[in-house]
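The basis for the numbers below is simple: all heavy atoms, side chains too, and nothing from hydrogens, waters or symmetry mates.
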Amino acid sequence: MATELEELLDFLSSPSPPIKKAAVNIVRDYTGSEDGLQSLGKYSGVAIPSLSRLLAEKKEVSEPAAEALVNLSQVPKIAEEMVKMDIIKTVMDILYKLDCDIKHLLVMLLVNLTQLDLGIESLLQHGDEKMRGLYIMKLVRSFCASSSENQGDLFDHVASILVNISKKEVGRKFLLDPKRGLLKQIIRQFDSASPLRKKGVSGTIRNCCFEAENQLQDLLLISEFLWPALLLPVAGNKIYSEQDTAKMPLELRSALSIEREAVTDPEIRVQALDAIYLLALQVK
């Protein structure tokens, strides 16, 4: 005999829009507590595909479905099941539909899923030679095109996805590939007023510098953007004289000789120092 929770999950596939809407809202509320997450976790084989199918529906249904999946994906075991069910492909397909009303939630779901090695491989399309990296290139393009100054930055959490994938060697090598020029695009977002973007970009740069031993030249190719992003966070707001900056690269000379706000976030400052140290290790 079916349990109450099994019956509730069955209602997610109901042909009646009011019943389906009521059911998905109840499931979403379930995922807001530890007990609810544990209970739903026992039926994840049903819950995940049922909720995934609702992501393409109208916002009144797709939004609570996405919120439920975001909450469920905070549980590593459930997140792993999601990845194995190919949910990243589903998310990316829906994310780039013109009528998608839940972009921000879908990006947050990708943040949680890429905390797993399996999720990183799936987002990088590591097993697909022809399509490899297409998802990341799309996300980087959207991340750089959207602005935190506009109302509702739908792709700001891509910053966290980039930090996640750059923790793995395969992700770092992909971002550092000079033919794609992705890191160059990403670094430009360091000037963003969004703390989330700024911290994500800084963390991504720091992670990519772990490849300095083998890819130093690829990093130096973007030095005009790299040096300001690394040195300004630790330079404070002191205005340096022409004599002080005479031997510096032009991009640093200009940035250090004008009035600017100091970077006060200690995490960003530590990330910058880590990256500088990793680069300095390559000086023979």
Side-chain angles (χ1 to χ4, degrees), residues 48 66 69-92 94-96 102-128 131-144 146 148 153-177 180-190 192 194-212 215 219 229 265 267-268 270-272 274-275 278:
I48 294 168
L69 286 167
V70 169
N71 291 340
L72 284 166
S73 65
Q74 294 176 61
V75 181
K77 186 177 178 181
I78 299 177
E80 185 175 342
E81 284 189 62
M82 289 183 183
V83 175
K84 288 178 178 177
M85 290 181 186
D86 215 12
I87 196 172
I88 285 180
K89 182 183 184 305
T90 301
V91 168
M92 290 299 298
I94 295 170
L95 181 61
Y96 284 95
I102 53 170
K103 292 181 186 292
H104 197 249
L105 285 166
L106 293 180
V107 173
M108 289 175 67
L109 178 55
L110 291 175
V111 172
N112 289 348
L113 296 176
T114 52
Q115 291 183 38
L116 303 175
D117 289 353
L118 195 63
I120 292 172
E121 289 180 9
S122 180
L123 189 63
L124 285 170
Q125 298 160 285
H126 195 54
D128 190 334
M131 304 297 286
R132 185 175 297 171
L134 179 62
Y135 290 163
I136 293 297
M137 289 189 284
K138 279 185 166 186
L139 288 169
V140 169
R141 185 176 64 221
S142 299
F143 177 63
C144 296
S146 65
S148 60
D153 186 355
L154 300 177
F155 289 92
D156 57 347
H157 282 279
V158 171
S160 301
I161 295 173
L162 295 172
V163 172
N164 289 344
I165 67 167
S166 61
K167 288 177 181 176
K168 302 295 293 181
E169 182 182 1
V170 63
R172 294 194 293 269
K173 288 185 178 298
F174 185 81
L175 294 177
L176 281 166
D177 185 345
R180 294 186 172 93
L182 295 178
L183 189 59
K184 181 178 178 180
Q185 297 174 52
I186 293 164
I187 288 180
R188 292 177 178 179
Q189 292 299 307
F190 186 74
S192 171
S194 162
L196 176 58
R197 281 175 171 261
K198 206 175 193 76
K199 190 176 293 186
V201 171
S202 177
T204 302
I205 296 170
R206 179 253 188 194
N207 290 345
C208 285
C209 284
F210 277 100
E211 296 301 315
Q215 292 188 257
L219 284 161
D265 189 316
E267 189 174 344
I268 292 177
V270 169
Q271 288 169 341
D274 283 346
L278 290 166

Rounded to the nearest 0.5 Å, how far does NE2 of H157 lie from CG of L109? 12.5 Å
How long is the span from the CD1 atom in I205 to the CG atom in L183, to the nearest 0.5 Å? 6.5 Å
Applying the side-chain contact (heavy atoms from CB on, under 4.5 Å) test to L110, which of V70, I161, L105 qualifies? I161
Check side-chain hydrogen bond (donor to acceptor under 3.5 Å, both in side chains) between D86 and all other residues, then give those that pass, not counting sequence neighbours. none
Measure the spacing between CZ of R180 and CD of Q185 and express it to the nearest 0.5 Å. 12.0 Å
Exercise: identify the closest heavy-atom pair between S142 and Y96: OG-OH, 2.7 Å
Does L134 offer a backbone N or O that forms a donor-acceptor pair with the side chain of Q125 under 3.5 Å? yes
L113 and S73: which non-hydrogen atoms are nearest, and at how many Å? CD2-CB, 4.2 Å
For R206 and A275, which heavy atoms make the closest approach, and how far apart are they? CA-CB, 4.0 Å
Taking it one step at a time, do L139 and L123 satisfy side chain to side chain contact (heavy atoms under 4.5 Å, CB included)? CA-CA 10 Å; L139 288 169; L123 189 63; 4.1 Å; yes
For a side chain to side chain contact (heavy atoms under 4.5 Å, CB included) check, start with the C-alpha distance between E121 and V83, then their side-chain angles and the critical distance, and finish with the verdict. CA-CA 10 Å; E121 289 180 9; V83 175; over 6 Å; no
Applied to residues 70-82, the salt bridge (Lys or Arg N to Asp or Glu O under 4.0 Å) test, sequence neighbours excluded, yields E80-K84
Nearest heavy-atom neighbours spanning L196 and S160: CD1-OG, 3.8 Å
Is it true that D265 and K199 make a salt bridge, defined as a side-chain N closer than 4.0 Å to a carboxylate O? yes
Show your reasoning for whether side chain to side chain contact (heavy atoms under 4.5 Å, CB included) applies to L176 and L219. CA-CA 7 Å; L176 281 166; L219 284 161; 3.6 Å; yes
Separation between OG (S122) and CE (M85), nearest 0.5 Å, reads 13.5 Å
Is it possible for you to check whether R141 lies under 6.0 Å from the centre of the six-membered ring of F155, through NZ or CZ, and within 45° of that ring's axis? no
Sequence neighbours left out, what passes side-chain hydrogen bond (donor to acceptor under 3.5 Å, both in side chains) with R132? Give chain and number order. E129
With distance as the sole test, does D156 use its side chain to make a donor-acceptor pair with the main-chain N or O of R197 at under 3.5 Å? no
Closest heavy-atom contact between P76 and L116? O-CD1, 3.9 Å
Minimum-distance pair of heavy atoms, taken over all atoms of V107 and L95: CG2-CD1, 4.2 Å
By side-chain hydrogen bond (donor to acceptor under 3.5 Å, both in side chains), K168 pairs with (sequence neighbours left out) D117
Rounded to the nearest 0.5 Å, how far does CG of N112 lie from CE of M108? 7.0 Å
Could you work out, with side-chain hydrogen bond (donor to acceptor under 3.5 Å, both in side chains) as the rule, every residue matching K184, not counting sequence neighbours? none
Under the criterion side chain to side chain contact (heavy atoms under 4.5 Å, CB included), I'd like the reasoning laid out for V140 against L162: C-alpha separation, chi angles, the key distance, then a yes or no. CA-CA 9 Å; V140 169; L162 295 172; 3.9 Å; yes
Rounded to the nearest 0.5 Å, what separates atom CZ in F174 from atom CG in L124? 6.5 Å
Pairwise side-chain contact, F210 with E169, heavy-atom cut-off 4.5 Å (strictly under): no
V163: partners by side-chain contact (heavy atoms from CB on, under 4.5 Å), with sequence neighbours left out: K167, T204, N207
